[in-house]
Amino acid sequence: MTSQSASARMTSRASARALNRRAARVEKTQLLLAEFENTSDVLHAAEVMRRAGYQKWDVHSPFPIHGMDAAMGLKDSRLGWTVLLFALTGLTGAFVMMYWMGGVDYPFVAGGKPPGALPPMAPIIFELTILFSAFGTVLGMLHLNRMPRHNHPVFSSERFKGASDHRFFVSVDSRDKNFDAGRTRALLESNHASFIELIEVTS
Amino acid sequence: MNDSSKLPPNPLPEVSRRGFLGSLTASLALLGTEGCRRATEKVVPYQSVPEQVIPGQAMHFATVYARRGDAVGLVVESHEGRPTKIEGNPLHPSSLGAVDAITQASVLDLYDPERTPSPLRAGAKSTWDAFAAELDARLSKHATDLGATLRVLATPTNSPTVQRLRAAFGRRFPAARVHTYAPVDAANVHAGSTLALGRAMQPLLAFDQAKVILSLDSDFLQTEPGNVRAHRSFSVGRAVTSPQSSMSRLYVVEPGWSTTGLAADHRLPLPAGRVPAYAAALAAELARLGLPLGAVGDAAATVKATGAFEPRWIQAVAKDLLRGGKSSVLVVGTRQPAIVHALACAVNRALGSEGPVVSYVDAFDPSEAKAADLASLVSAIGAGKVETLLLLGGNPVYDAPADLHVQETLSKVQLTAHLAGFVDETSAGCVWHLPMTHELEAWGDQRALDGTVALQQPLIAPLFGGKSELEIWASLAGEKDARPYDLVRATSRAPLLLESGLTSSGDGKDGKIDCTDALGVHVQYPVLGFEHDWKKALRDGVLAAAKVGAPVLDPGAALALRAPDIAAELAKTELAAPPTRERLEVAFTVDAKMLDGRHANNTWLQELADPITKITWDNAGLVSPKTASELGIETGDVIKLSRGDRSVTIAAYVLPGTADGTVILPLGWGRTQAGRIGNRRGFDVFPLRTTDAMGFAGGVSATRTGERYEFARTQQSDSMEGRPLVREATLEEYRQKPHFAELEVAPRRSLPLWTDVDYSKGHQWGMTIDLNACTGCSACVVACQAENNIPVVGKEEVAKGRDMQWLRIDRYFEGEAEEPRALVQPMACVQCEEAPCENVCPVAALEHSAEGLSEITYNRCIGTRYCANNCPYKVRRFNFLNWHNDGVWNETGGLPETLQMQQNPNVTVRFRGVIEKCSYCVQRIQSHRLATKREGRDLRDGDIVTACQQTCPADAIVFGDLNDLGSQVSKLAMGDRRYGLLQELGIKPRTTFLAKIQNPNPEMA
Amino acid sequence: MQFFSRRANLFPLVLAVGGISLCVFAVAMVWYYFGPQFTQVGYSPKQPIVYSHRVHARNLGLDCRYCHANVEVSSVASVPPMQTCMNCHSVVAASSLKLAPLRDAWESGARVEWTRVNKLPDYVYFDHSVHLGAGVGCVECHGRIDEMDQVEQMKPLSMGWCLECHRDVRANQGASRFLRPVSEVTNMGWKRTSSEPLVLPRPLNPAENCSACHR
Amino acid sequence: MYHEPILELGEEPLVKPGSTLHDITEDVCRVAESKMPRAWYVAFSIALVFVAIFAVSVATLFWRGIGAWGNTGPTFWAWDITNFVWWVGIGHAGTLISAVLFIFRQRWRTAINRFAEAMTLFAVLGAMTFAGIHVGRPWVIYYLFPLPDQMSLWPSFKSPLLWDVFAVGTYFTVSLLFWFTGLVPDLATMRDRATTPWRRRVFGFFAMGWRGSNRSWRNYERAYLILAGISTPLVISVHSVVAMDFATSIIPGWHTTIFPPYFVVGAVFSGFAMVMTVLLVARKIFKLERVILPRHLDLMNKVILLTSCLIGFAYATEFFIAWYSGNPYELYVFKNRAVGPYSWAYWTMVVCNVIVPQIFWKKSMRTNVPVMWVVSILINVGMWFERFVIIVTSLHRDFLPSSWGMFHPSIVDIGTFTGSIGVFFAGFLLFMRYLPVVAMSEVKGTMAQADPHYVAHHAEPEDGVSRESAAAALAMEAES
C-alpha cells in the first residue's frame, strides 16, 4: 500500500515538472502547415525547404514516400544499434539463466545427461534472443519517434486529417531560426502548396 | 453399505495389542480451515501404547490361510493395527516364503465394506445373542432326538481344532450328521488312491527331484492344492545356472491352457474326457516297453479307445519316462476320474519314482467332500428328515451341482443358518445369515498338505463383529463359552507334546501335565515348556515339526499296490470318444483368480488379467480356432451351451492351444449376490455342472445367440511380430552357444556430446528377471498392487487401455495355431540409465538418482504424459481420472474408507493427472537404508527385497546392488543368459532378463 | 481539433514509472506473503490441554525423549500417550484445574485431539531417527521449544530450507553449522564452543535425490 | 534503407486500375465503420455457439480429468496435441506472408498480410490453449516457468516441451508486436475518420499520436524491416521446435531428422490454406475485390502448389528412409500407417494434401474462386489428419506389441476441437468488425500515385472526378 502511494506521489511530482518544461517550450509558438496534393509536389517542396536550410520542420504523408529522406536530408535510422543491444541481452540472459538454474543452483541428472549441458539450451537461447530483439525494435522505434504522443499541434488542423488518407503536408515550427511567417508561407505557396494555415500553439 | 459407521468403536480388550485404534498421527482429513494460513490437522495419541507398538514402524505377525485342503503360512505386515500386506512364511512348508495371487489379494477381502455387520434373521438386522438363544432352544430340543433331524453342512476343513470340536459335536448328538461340500474337491484323488492303495491319500510331489514330468490335466503350478510349494520345487528342478546344469522336462496333456501348460516343454491339447484313454494307451506302451505294470499293463493294452493319439505322444513320451526311471513321474489333475489317479499311482510305483519324487499323506478330513455327500443331505431334506440345518461357510446355492436344486430344498427346512462373510446366494435362501470372520480376524489352526500344523492368530479384532467357523462349532459342541484362543491352545498341546515323544493326559492346571512317553513311562511335563513352545509357535507360525498325519515317505514298502483292482476298474471304464462339432465337450476349470467364486468381490483379482487370455473382469468360454470356425463363431459371440435340458450362455473367446471340440468353462463367475463389485461379472457355468459331471461333460451342443460381448483385455496383440522380445533356446543350443541371448548389433557409435554419468560408486540398484523360471502366475502383479497402493480402474477403463498395474505380464503366442507355444515376460519399469522419459519432462519431476533409480516425484508432475509416450516399454501409467471416486468407484460413491485402511502408509496415494510407475519399491529401499544408518552398518545383499521378488514362488525376480560383485543380482546380470530388452536403443536398462531355456525331447520333433 | 488534452502526453511517462513500480510491488507482495516464512512460521494454535514445554523441559529439566520416546528409533517423534502424562500427574498436581481435561479424558477414555504445529509440506516422508543419529539437534528444526508455553512453528520447513542443511552437511561434514555431537541433540541450549569440526561416527551424505523424501 | 519498389514498366498493378488513394481508404475503412452485413451476424452467432461448446467441453475436462478425452495408453497424446500442432501450423502463414514475403519484396503481400497476421494471433492463441489444457494438472502449470519457489526447483531445460513453451510464447508475442506495429498508421487513419468521440479516443489511444511524419516513417520502416528480419528465422525455428517434440523422442515414426523442415513446410501449407479459406469469404462479404485481386489469389495458389509438392516429397522420403534404415520398428510403423487400422486417416491425408492441390497446375483453377475455396478447406482437413497420423499411428503401435492399442475420440474431444474453431472465428470476426482488414498505408505505397515521378503536371483528380481520366493517365504512363 505504502509504496503504491509513494510511487503515485512521485509520478505526480514528475508530471508537474514535465508540464512546466513543455509549457516553457510551446509558449507562444506557431506551426505552419502546408498541404500538397500529390507526392511529387511535396517531395519537391521538401527539397526546397532543405535547401532553404530549415531545421525544425517535417513532412507528413499517409505512406512513406520514395526518396523523401534524401529530399529532407535525413540520416540513416539509428534503430539497429538498440536492437543489437537488446539481442545480446536476450542471448546472454537466456544462457546465464539456464546454466545457473540447471547447472549451478539445482543440478540434477536426467536421462544420463550431465547437468548444465549446453546443446539443449540452443533453442531457448535463440528464442529469447529473438524475443528481446523484438521488444528492442518496437520500444526503440517508439522512443526515437517520441511516441506515444497523443497531443500535438498539427492535430489542431481539421485538414490535417487528410495526412492519414491521401493528402501530404509540410509542417514548419516557428522556433526554426529561418522561420518567418510570411516568407516561409510564400516559399511553400510558390511550390504548389494547395492550402496553407498557421496554427497558434498556446497552452 | 460402505459408510464408516460400521467400524467397531473399540477393540476387544484381549486383542488390543493389535487392536484397531484410531491410527496414531494419521491425519484425520482436514477438519475445516483455521484462519487463512493453513488447515488445522489433528493428532490423536493413544491412551496408552499397546505393548510392542512403535508408532510409525510396521509390525509383522505369522499366521496362516486355509486353502482347498492345504494351508499357506503367512507373515502379515501391520501398521498401527491395520494389516496391510501379506507375505509368505519362509518357515512354512506350503509357502516357503512365497504366496500366490489369490492369497496376496485376500487382505483386501478383510476390508470389504460389503461384509455383513451383524447377523440377519429373515433379512432383518438381528444380534448374535438372538441367534444363540434360538440355537440353544433348538439344540436342547435336539438333545431329545439325539440330533436325528439336525444336520450341518460344512466345507472341508484343515483345522485340527475344528475336527476336535466336530468329534465332540458328534458325541453330543450321535444321530446328527455333518455333511461337507466344496465345489472343487479332492474326491477323485482320494478315490484313486483308495482304489490303488486302499487308503484315501493325497500325493505329495518333490518336483525338484523329478527329471521327466508328465502332467495329465494337472495345473499343479496354479490351481491345484499345494501350488506354491509345487512352484518352488518345480523351479528348482528347472533352474539353469550354467551350460553344464541339467533341467527337468515337462510334458503337459490338458484340454485348455493352464499355468502349468504354459511352462511345458511339450504340450498336447487333449479333451479332458480323452485323458483317461491317453493314460491307458501310455500305460500299455510302457508295459510293452517292459515296464513291470503287471495286470494293469495287460488291462491297459486291452481297453479299446475310439480315436488314436499322435504316435510320438505315446512312444516318445513312454521312452522318455522309462529313461527317466526313478525320476520320472506322472501327475494327475483333480478333475480326472479316479482310475487315472490309480493308473498314475501304478506307473509311478513301477517307475520307482515313489519315494524320491512321490510320497503320500493321509487325507486329513475323513468326511472329505463329495457331491454324493451333499446329495444325501438333499434327499434327507426332501424326505423331511431335517429340521435344523447349519451351513458353515460355502455357498452351495451358487456352486452345488445343478441337479440337486439346493435352493429349492433349503426352503423345506425349518431353521437354516448360514455362516458367511457376505450375504451371498445361499444366505439369501436361509433364515439366518451369520457374518463370518476373515482369516486375519480369528484364532485357529490349519494343517498344511504335508501335515504341518500352523497357528492362525488374529491381527485385528473382527471389523464387522463376525464369528469364525471354529466358534460356531464350539457352541455346537457345547463349549460355547470357551474362548477360541483356549480351544486352539488345547488342540495344539497334543502335537507339541508329541514332538517330545509324549502323549498328554490331564489339563496342566497344576502347572504340570501328566504325560506318558513312547515307552509308557509316566512323566510330568512342565507347563513352562509348553508355554515356551507355544510362544515360539506363535512367532514362527508353525508348530515346529509337529504334524498331523505325517507323509508316508516310502510308499513302495508301506503301501501295497492293488494292481488287480485297478485292472478290473480299468477294464470296466468306458472311455469317451473324441468330441465332435455336434457333441462338444465342456471342461469346468478352477479359475486362477476366482477359484470357485469366493473372491468375486475382490477388485484386485477382478482387475488382474487372466494369466493366459489377459481378460479382466470376466470369464469366457474358450474354444480352439478350429472348433470356432466349425461352429462359425468368433471372439465375442455369445453362445448357448446345452446339455440335455440344462444350458448356459457364455461369451466365446477363441484361444489357440485349446483342445479341439472342447469348450473351457472357468468356474466362479456370474455371481448374483457377491456384492457390487462382483455381481454379474462374467458368466455362471455351474448350471451345466451336475453330480455325474463335476469335472467335464460330453455331448454338449453349442449355438450362437447372436449377441455380442466386449472383453476388457490388458493386452491387445498376441504376437511378438518377429521381434526379439522373449529370447529363448533349447538346452542343447544353449550348451552350444551360451551367449545366444545377446543380439548381434553394431556397437553403439555415440558422438561424445557428453560424458556418461559415473555409476561405478555406491549402491547401484538393479534387477534380473529369469524368463526360464517365470510361469506367468501373476502373484507379483497383485503383490505390487498391494504394496504400492495401485488403484483399480474397472472394466470399461481397462478396455480403453487405462489399467494402472505397474507390473504387467506380457504373454505372446508363438508357432502355428494348432500347437502354439506361449511365452511370458514380466514387464515393469527397467530404470534405464539413459532414460528417454527423464529427458522430456519439462518440470523436473523425473530425475535419475545417484543409485540408478529413475525417480518420479508425483507432486511435481503436471501430467504432460510426454514421458509415457517416450517410454519404449510403455510401463508408465497415467491417472486419467481420479481413480478413487471415478472408474470402478464411480457408482459406489468413492473408494470405501475401509478399503483405504489397507493402503501402505509409506507410499504416496497418487492423484488425478499424474504419471506413476514402478519405483523398485523405493519405500523399502529407503526404510532399509535408514535402518542401516540407525544401526551404523552397511546394507547387505538380500536386505532389500522388492514386493514382486518376495512373493514370486518361482524365484524368477532378483533385486540388489549391481556394484556389489558378490550380490546374487550382479552375478546373474553378468551371466550368460542375460540380455537387455530393447537395449539396442542405447537406453541402458537396469532390469535385465535371463533368456528362457526349453528342454524339448528330440524324439518329439 | 485535438482529441487528447496535453496532459495525455504524460502517458508514456506514467506507463513507464507506474508499470515498473507496480511490478516491483506485486513481486514484493508475493515474495513475502506467499512464502512459508509468512504462511508457516509463527503458527501457534491453542491446544486442548494447556501444556507448557517451558515448565517441563526447562524448569523441570525433563529430557525430550522422556515423552517423545520413540524419536530415536522411529520416523515419527509421536505425541506421547496419556499414560505418559498420568505417570506423574496421577500424583503430581493431581487435582490441578488445568489438568482437568486430561483427567477426564483419561477416565472416560475419550480421545484428546492435539493440533499439529510443525507440519512438513504434503507428500514428504521424514524420519526423525536418522536425523538425530546424524547429530541434528531438535532445536535446528523446532527452535527453542523449551522456552515455549504454547508450541509455535519456528522454521519454514520448506523443501528449500531442508536442502540448505543437506547441502551444507554434504559439503562441510563435521564443520557444518547444523551439526552437533549426537549426545547433545536434545540439549536445547547447546552452543558450539570450539572451532574444531566435529568428529563424525561415519561420513554423512544427506540425500538430495527426489525419492529420499518423495515416494 | 529499403523502399517499396514502385510500379515498374509493364508490371501489372496491385490494385484495381483507376483506384485513387482515397478509394483505398474508403474501401478498407468502410468495412470497420459501416454496419456489418447480415452474413457477419450469422457467422458470428454460429461462432458463438461453438465458443459455448468449447467452454462446456473444457469445463468437463477440468472437472473429470484428461480421462474425459479419449486419450489412453499407449496413445497418451491424441487429439489434444494434434489440435495444438494444427493451430500452430495455421498460425505460421501470418508471419510468413508478412515477414518472408516482405523480405523477398513480394509487394502483392500487402493485400493480405493484415489478414494473415490477425489469423496468426488467433491461431496461436488456439494452439496455446491446447498446450495449456492438455496437461493433467493445469492448476500447477506454473511449474513450467522459471519462477523461484519454496521448492527451490527449476524447470528442466532439457525437455523439448519446455522449448515449446518459450518458442510458442515468443512467437505469439513477436507476432503481436509485428501486427500492432503494422497497424499503427492505419489506426491513425481510423482515428482521423472517426465520427464518434469514443471511437476517436480508442483509435487515437492506440494510434499513439501517429502523424505520418517522415522522420517517424524513417524509424518506422526500419523497425518494420528488422521485425520482418527476425520474424523470418523465428517462424522457421518455432515449428522446428514443435517438430522436435517428436523428433527428439525415440518413438518410431517420431524419431526422424526430416521433421523440422517437413513441419515448417507443412505449416506454411496449412497457413496459406487457412488464409485462403477466410480471405475469400471476407473478400466477398466486404467487397474487397478492389484490393484483393485474382492475381493475389493466383500467387497464393502457386505457393500452395509448391508446398503441397514439398509435403508429398516429405511423405515419400519418410517411407524411403524407413525402408533404407533397416530399422524394423520404423519400417513397421510406416507399413502400419499405409495399411494398418488407421490407413483411412493416412490416405485422407495424402489425398487432401498431395493429390488435390495438383489441380493448381492449371491457371484457370488457380483463379477460380469456388474451386480454390473448396481446395483450401480440404487442405485444412488434410493437414489436421497429417498431425493425427503422425501422433496416433506412431504411438498406438510402437516397440512392444503387448502394449499396442487403439484410440477412440470421446464427445469431449470433438467438443474441444470444434469449439476451438469457433473461438478462432469469433475472434477473427471481431477483428474484421473493428479494425482495418487491409494494410492501407502499405497498399497505398504500392500504387502509382505513391511515385513522386508520377505525372506531376496533371495532379491526381479531386475526389468525385471521373476515374476514367486517372485510368487514361495510367495508360499513358504505361506506354511512354
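These numbers come from a predicted model, not from an experiment. All heavy atoms count here, side chains included; hydrogens, waters and symmetry mates do not. Letters go in sequence order (proteins before strands), and every chain restarts at 1.
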Fill in: Contact class of B:Leu881 relative to chain D, heavy atoms under 4.5 angstrom
both
Worksheet item: Considering residues, nucleotides and ligands other than D:Tyr324, do more than 12 of their heavy atoms fall under 6.0 Å from its OH?
Response: no
Discussion item. Between B:Pro836 and chain D, with a heavy-atom cut-off of 4.5 Å, which part of the residue counts as in contact: side chain, backbone, both or neither?
Written reply: side chain
Fill in: Option in D:Asp80, D:Leu153, D:Leu162 with maximal non-hydrogen atom pairs under 4.5 Å from chain B
D:Leu153
Response to the item:
Counting heavy-atom pairs under 4.5 Å with chain D, the top scorer among B:Ser719, B:Gly722, B:Cys841, B:Gly887 is B:Cys841
Item to complete: Give, as side chain, backbone, both or neither, the part of B:Leu982 having an atom under 4.5 angstrom from any heavy atom of chain D.
Response: side chain
Worksheet item: How about residues 234-256 of chain D versus chain B: which residues have heavy atoms under 4.5 Å apart?
Response: D:Met244, D:Asp245, D:Phe246, D:Thr248, D:Ser249, D:Ile250, D:Ile251, D:Trp254
Discussion item. Heavy-atom cut-off 4.5 Å, strictly under: side chain, backbone, both or neither for B:Leu846 against chain D?
Written reply: neither
Worksheet entry | Flag if over 12 foreign heavy atoms under 6.0 Å of CD1, D:Ile411 | no
Worksheet entry | Whether D:Arg137 side chain and B:Val914 backbone form a donor-acceptor pair below 3.5 Å | no
Worksheet item: Quick one: does B:Phe878's side chain get under 4.5 Å of D:Phe76's, heavy atoms only?
Response: yes
Discussion item. Against the six-membered ring of B:Phe880, is D:Arg64 placed for a cation-pi contact (under 6.0 Å from the centre, within 45° of the normal)?
Written reply: no
Practice prompt. Evaluate the criterion side-chain contact (heavy atoms from CB on, under 4.5 Å) for residue pair B:Arg865 and D:Ile66; output intermediate values, then yes/no.
Written response: CA-CA 10 Å; B:Arg865 310 187 293 293; D:Ile66 296 299; 3.8 Å; yes
Worksheet item: When heavy-atom pairs shorter than 4.5 Å are enumerated against chain D, which of B:Val840, B:Leu725, B:Val843, B:Asn869 gives the highest number?
Response: B:Asn869
Item to complete: Identify the two heavy atoms, one from D:Asn71 and one from B:Arg802, that lie closest to each other, and give their separation to 0.1 Å.
Response: O-NH2, 2.8 Å
Fill in: Residue pairs fulfilling salt bridge (charged side-chain N to carboxylate O under 4.0 Å, His left out) with at least one residue in residues 870-885 of chain B, sequence neighbours excluded
B:Asp803-B:Arg877, B:Lys874-D:Asp398
Worksheet item: Shortest non-hydrogen contact from B:Ala844 to D:Ser156?
Response: N-CB, 3.9 Å
Worksheet item: Going by atom types only, do B:Tyr812 and D:Ser402 share a side-chain donor-acceptor pair under 3.5 Å?
Response: yes
Worksheet entry | Proximity breakdown for B:Asp886 and chain D, heavy-atom pairs closer than 4.5 Å | side chain
Worksheet item: B:Glu797, B:Arg808, B:Arg811: which one forms the most heavy-atom pairs within less than 4.5 Å of chain D?
Response: B:Arg808
Discussion item. Tell me whether the NZ or CZ atom of B:Arg723 lies within the 45° cone about the ring axis of D:Tyr329 and under 6.0 Å from its centre.
Written reply: no
Fill in: Part of D:Ala131 within contact of chain B (heavy atom distance under 4.5 Å)
neither
Worksheet item: What distance separates B:Asn839 CG from D:Lys158 NZ, expressed to the nearest 0.5 Å?
Response: 8.0 Å
Worksheet entry | D:Trp63 atom CH2: more than 12 heavy-atom contacts under 6.0 Å | no
Response to the item:
When every non-hydrogen atom of B:Glu721 is compared with those of D:Pro401, the smallest separation belongs to CG-CG, 3.8 Å
Practice prompt. Considering only heavy atoms and a distance below 4.5 Å, find which of D:Trp154, D:Trp163, D:Phe145 pairs most often with chain B.
Written response: D:Trp154
Fill in: Under 3.5 Å donor-acceptor, D:Thr72 side chain and B:Gly801 backbone
yes
Discussion item. Counting C-beta onward and ignoring hydrogens, is there a side-chain heavy-atom pair between B:Met720 and D:Leu400 closer than 4.5 Å?
Written reply: no
Practice prompt. Give the intermediate values and the outcome of side-chain contact (heavy atoms from CB on, under 4.5 Å) for residues B:Lys800 and D:His408.
Written response: CA-CA 8 Å; B:Lys800 284 180 186 155; D:His408 305 287; over 6 Å; no
